[in-house]
Amino acid sequence: MQRITVQTTPIEGQKPGTSGLRKKTHVFMGPHYLENFIQSIWIGIGGVEGKTLVLGGDGRYFNDRAAQVILRMAAASGAKKVIVGQNAILSTPAASNLIRINGTDGGIIMSASHNPGGPDEDFGVKFNMPNGGPAPEEVTNKIFEASQKVTSYDIMETQDVDLSEIGETELAGMEIQVVDPVADYAALMEKLFDFDAIRLLLGSGFRIRFDAMHAVTGPYAKAILEQTLGAPAGSVVNAVPSPDFGGGHPDPNPIWAKELMTAMFSSEGPDFGAASDGDGDRNMILGRNVYVTPSDSLAVLAANAHFAPGYEDGLKGVARSMPTSRALDRVAAAKGLDCYETPTGWKFFGNLLDAGRVSLCGEESAGTGSDHVREKDGLWAVLLWLNILAIKQQSVAEIMMGHWSEFGRNYYSRHDYEAVETDKANALIDELRGKLDTLPGTSVSGLTVETADEFAYDDPIDGSHTGQQGIRIGFEGGARAVFRLSGTGTVGATLRVYLEDVETDPMNMHRDAQSALANVIAAADEIAGITRHTGRTEPDVKT
Ligand code: VG1
Ligand code: CO
């Protein structure tokens, strides 16, 4: 076994986005690509010598080989120890938990999350901090800077480490601990939730369907929902993780989780349905004939979290990403809780969670989580829902109806225009930015613009400033349209248009969201000139 230093040159475009660096898998597999980025992480975090890290990924194509490269590089650079999920598998929330309970110096998660996997699809790598959360911009900027200067990396020349057996091994003096990916995470869930109540519910004929979408949550959901909580075998479907997610798109929304939607929207459908994404941090919640929007789910969880033992003393405060609907704000106002608005991406919640300002947070993109880890957590949200259903003894539909009549309903939809040419998408945003001052007071599609600005965030804990986080247009009466470009895509630009309107009249709370939002949709198109800029007349995905 030999330690070698490989000469390299900087590779363009290794700038982490909303959640780590995501590229086409073949790009990551190209000469020095992964190695340069890992070396840049070592530099960005001030070196890896003597440090302990967690390592795991969502099992997508190249996960296993990337793990071996990372281990060889960690050993060559003098890392003390790496805690690895068996077969290099860890869900994102489980990795966050392992970092926290072992007090490590951080961790590397190999995932492109909800993006499809396979040789022609996407791969990704991100670094999480000692608090278990995604690296903040200060650190990702350092990693990016390092990637623009890197000239060499160290790596051990050796055979693969066997990661299939749980236990201790070593590589060139670096300890490697292979752990069961599920056990510690399952123990944490058992501490937070009333497992007895959920077990009774699942034993009473209440039927659930959890769709793991051929991704990483399969083994977690099987162990917790079926083996521990007694859901009948087969309640967890598509439970075997596959490197290309069964050829699907592991994004839990009504479009990509169509099979689950069909099962839930049938008269014989289960009482509760849920799905999770590639790396297990997102969730979709359904009842029979009801789809709960992620923004509504966040608000319902905030209103009812105290039914779960882990949150019985109430919440410290709540937070949502800016484009997420303001349903959460209505609950916070009613309960007297502080409610923070942050930029898109989980890294912006970390400081608020660490400082004890908030204990629950979420995003419109199907991410919800709490201070139990520093990532969003799909299965956690499912268990919190089940805990609430078990205590309240109501159906999902009844819970939604009760929630809307108590707090009002925020109709919500996100329209995505995918793979738009980058310069056209930038032109659209630049044009919007240029006319923000002139918009207030104008009327568009029957709505009057009240406010128009570009969201920027000043972190109340560390004082950091993050600009250009989305264009917000507020209309008289409470409707809102938000425009931003995705930071997780790998082809061209994805324009996201977030649409929202609030309804407090109980007679109007049961409309289809697209028709309830028709005027906001028309106004958004008119203000931004979506068709004029992109040539598109319809979004690719509406969630
Ligand atoms: C998207 C979502 C964002 C989420 C991010 C990572 O980012 O909008 O809310 O935090 O994905 O989720 P963007 O920049 O494409 O809009 V995951 O589950 O893909 O790590
Ligand atoms: Co994810």
Side-chain angles (χ1 to χ4, degrees), residues 15-22 56-60 90-96 109-117 121-128 133-135 137 140 212-213 215-217 220 241 245 249-253 256 275-284 293-295 298 319-325 341-350 361-369 373-381 412 414-420 425 429 455 466 468-470 482-498 540-541 543:
K15 188 173 172 55
T18 312
S19 179
L21 181 67
R22 294 188 194 177
D58 62 15
R60 70 181 59 223
L90 285 175
S91 78
T92 288
S96 181
I109 300 178
M110 301 169 290
S111 170
S113 190
H114 61 287
N115 300 22
E121 298 295 351
D122 295 350
F123 191 76
V125 171
K126 72 172 177 168
F127 183 77
N128 278 31
E137 304 244 292
T140 56
M213 301 188 80
V216 78
T217 38
Y220 294 83
F245 308 114
H249 199 132
D251 192 356
N253 66 39
W256 299 116
S276 191
D277 72 331
D279 61 331
D281 57 358
R282 295 187 181 204
N283 71 92
M284 171 164 87
T293 69
S295 294
L298 174 62
R320 61 165 172 80
S321 66
M322 183 274 284
T324 304
S325 100
E341 185 175 44
T342 57
T344 297
W346 213 261
K347 58 188 166 202
F348 295 101
F349 292 130
C361 41
E363 298 193 275
E364 54 67 41
S365 53
T368 352
V373 288
R374 292 294 181 272
E375 286 280 3
K376 51 191 192 269
D377 189 343
L379 203 46
W380 168 90
Y412 190 84
R414 187 179 91 191
H415 290 189
D416 290 337
Y417 298 82
E418 293 175 346
V420 174
I429 296 288
F455 181 59
T466 311
Q468 303 203 331
Q469 293 300 306
V482 170
F483 304 86
R484 63 178 281 282
L485 300 181
S486 157
T488 58
T490 57
V491 185
T494 294
L495 170 68
R496 303 205 195 282
V497 185
Y498 309 82
D540 298 283
V541 179
T543 52

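Every number for a ligand or one of its atoms is a count from 1 in the order of the listing.
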Do the side chains of R374 and N128 get nearer than 4.5 Å, heavy atoms only? no
Show which atoms of ligand 1 fall inside a sub-4.0 Å distance from at least one heavy-atom site of G345. 10 (O)
Distance alone, cut at 3.5 Å: any donor-acceptor contact between the side chains of S111 and D58? yes
Below 2.8 Å of the Co ion (ligand 2), tally up the protein N/O/S atoms for me. 4
Between E375 and R282, is there a salt bridge with N-O shorter than 4.0 Å? no
May I ask whether G367 has any heavy atom positioned less than 4.0 angstrom from an atom of ligand 1? no
Can a donor-acceptor pair be found between the side chains of T368 and N283 at a distance below 3.5 Å? yes
Would you mind checking if K347 and E137 are paired as a salt bridge, meaning a charged N to carboxylate O distance below 4.0 Å? yes
Atom 7 (O) of ligand 1 sits nearest the protein heavy atom T488 CG2, 3.5 Å
Looking at CE of M284 and OG1 of T543, how far apart are the two atoms once the value is rounded to the nearest 0.5 Å? 10.5 Å
Nearest protein heavy-atom contact for atom 6 (C) of ligand 1: which residue, which atom, what distance? K376 NZ, 3.5 Å
Return yes if a side-chain donor-acceptor contact under 3.5 Å exists between Y498 and R484, otherwise no. yes
Of all the non-hydrogen atoms in the protein, which one sits nearest to atom 2 (C) of ligand 1, and at what distance? S365 OG, 3.5 Å
Below 4.0 Å from any atom of ligand 1, is there a heavy atom belonging to K126? no
Donor-acceptor check, side chain of T324 to backbone of E364, threshold 3.5 angstrom: yes or no? yes
